[in-house]
Amino acid sequence: MNSTVDEVAPDIYRISVFVPEALSKGFTFNQFLIDAEEPLLFSTGMRWMFPEVRAAVERILPAHRLHWISSGHASRADEFGALAQWLAVAPEARVVHGQGAVMVQLSDMVDHRPRVLAETEVLDLGTRRVRYTSTPFVQGPWEAGMLFEETTATLLCGDLFAYEGATPATTTGDIVSPAFEHQDSLGGMPLTPHAGSTIRGLADVAPECLALMHGATYTGDCPAALRALADGFDERLHKALDTAA
């Protein structure tokens, strides 16, 4: 197992571990490090990935300098499975997330209460600023949320657009079709009435970079990709309701 490190936006690094035996085509597990005065790690990776991911982080900055740790949601191992290991090497770091994630999981995982971000609240990292948006059931779990780095217009979008296979660090190609191939195969995201509107709300902030947890970072027309994803989920929901009727 080898990790790769790529700067996908100014001072935002994609740390990627490809697991070839996962699913049918292999699967990427990405973490994102924002290098600022108060560095933030988005997704810890699973426990067994920790040595590899830590070594990758330390190609950019000493692990003990981490100031914040967050992720797309709290209830899956690839998001916070290595949290204890990270807090052991970065004891001054603090977990930060939305109220839902803190309530259902994170407050029971750490000794110091996590920092709760309110809807649209901005966390100032110094040279970078991340804004929190809750996205319940979009990405899967109810407590899901995303961070939007305002100075680079990068949306740390977690499991949104997840797809299988080995990927380059960045792409301007189609990420919608492979995401729906993955969705239709595994059903990772529930079909809910508000999924389309939630995703269109993300398009309205006009991101210029979509940092995927499972796949290549997308640097094409991000609002168009998000609206196409929203349309696809609406179509699947209506089809499911018609079938049920």
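In this text the structure is predicted, and so the values were computed from the model without any measurement. Quick note: numbers below take in every heavy atom, side chains included, and nothing from hydrogens, waters or symmetry partners.
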Over all heavy atoms of both residues, which pair between [X] and [Y] is shortest? Give the atoms and the distance, please.
| X | Y | value |
| --- | --- | --- |
| Ile199 | Leu226 | CG2-O, 3.2 Å |
| Pro190 | Phe137 | CD-O, 3.4 Å |
| Met189 | Gln183 | O-NE2, 2.7 Å |
| Ala216 | Thr171 | CB-CG2, 3.7 Å |
| Ala179 | Tyr163 | N-CB, 4.0 Å |
| Leu87 | Ala93 | CD2-O, 3.7 Å |

- Task: Apply side chain to side chain contact (heavy atoms under 4.5 Å, CB included) to the pair Val89 and Arg54, showing each step before the final yes or no.
- Result: CA-CA 9 Å; Val89 298; Arg54 176 186 177 178; 3.4 Å; yes
- Test side chain to side chain contact (heavy atoms under 4.5 Å, CB included) applied to Met146 and Gln139, step by step: CA-CA 10 Å; Met146 299 181 188; Gln139 303 180 68; 3.6 Å; yes
With a 4.0 Å cut-off on N to O distance, would you call [X] and [Y] a salt bridge?
| X | Y | answer |
| --- | --- | --- |
| Glu121 | Arg115 | yes |
| Lys239 | Glu235 | no |
| Glu37 | Arg65 | no |

- Residues, nucleotides or ligands: over 12 heavy atoms within 6.0 Å of His194 NE2: yes
Cluster link [X] to [Y], ILVMFWY, side chain under 4.5 Å:
| X | Y | value |
| --- | --- | --- |
| Met109 | Trp68 | no |
| Val8 | Leu160 | no |
| Tyr132 | Val122 | no |
| Met103 | Val110 | no |
| Phe27 | Ile15 | yes |

Side-chain heavy atoms of [X] within contact of [Y], under 4.5 Å:
| X | Y | answer |
| --- | --- | --- |
| Leu33 | Val5 | no |
| Thr135 | His73 | no |
| Leu212 | Cys157 | yes |
| Trp86 | Leu41 | yes |
| Ile12 | Glu149 | yes |
| Leu229 | Phe161 | yes |
| Thr198 | Thr133 | no |
| Ile69 | Phe80 | yes |

- Item | Steps toward side chain to side chain contact (heavy atoms under 4.5 Å, CB included) verdict (Thr217, Thr154) | CA-CA 10 Å; Thr217 293; Thr154 298; over 6 Å; no
Indicate whether the side chain of [X] and that of [Y] have a donor and an acceptor atom separated by less than 3.5 Å.
| X | Y | result |
| --- | --- | --- |
| His214 | Asp159 | yes |
| Gln105 | Ser75 | no |
| Glu164 | Ser24 | yes |

How far does [atom1] of [X] sit from [atom2] of [Y], to the nearest 0.5 angstrom?
| X | Y | atom1 | atom2 | result |
| --- | --- | --- | --- | --- |
| Cys209 | Arg14 | SG | CZ | 10.5 Å |
| Arg128 | Thr152 | CZ | OG1 | 6.0 Å |
| Glu52 | Gln31 | CD | CD | 10.0 Å |
| Asp124 | Arg131 | CG | CZ | 13.5 Å |
| Ser70 | Phe32 | OG | CZ | 13.0 Å |
| Leu66 | Leu40 | CG | CG | 8.5 Å |

- Task: Provide the full list of side-chain hydrogen bond (donor to acceptor under 3.5 Å, both in side chains) pairs with a residue in residues 223-233, sequence neighbours left out, each pair given once.
- Result: Arg200-Asp231, Asp204-Arg227
Tell me whether [X] contacts the main-chain N or O of [Y] through its side chain, where contact means a donor paired with an acceptor under 3.5 Å.
| X | Y | value |
| --- | --- | --- |
| Thr172 | Gly220 | no |
| Glu38 | Gly126 | no |
| His182 | Pro178 | no |

- Query: How far apart are the C-alpha atoms of Phe233 and Phe180, what are their side-chain angles, what is the distance that settles it, and do they pass the ring-ring contact (aromatic ring centres under 6.0 Å, His included) test?
  - Reply: CA-CA 9 Å; Phe233 274 108; Phe180 277 123; 5.1 Å; yes
- Please assess Leu125 against Val130 for the test side chain to side chain contact (heavy atoms under 4.5 Å, CB included), listing each intermediate value before the final yes or no. CA-CA 8 Å; Leu125 310 180; Val130 292; 4.2 Å; yes
- Please name the residue in the list Leu147, Leu123, Leu106 that meets the side chain to side chain contact (heavy atoms under 4.5 Å, CB included) test with Val96. Leu123
- Do we get Arg59 above Tyr13's six-membered ring, with its NZ or CZ under 6.0 Å from the centre and within 45° of the axis? no
- Apply the test salt bridge (Lys or Arg N to Asp or Glu O under 4.0 Å) to residues Arg236 and Asp184: give CA-CA distance (whole Å), side-chain angles for both, the deciding distance (0.1 Å), then the verdict. CA-CA 9 Å; Arg236 283 160 174 77; Asp184 294 341; 2.9 Å; yes
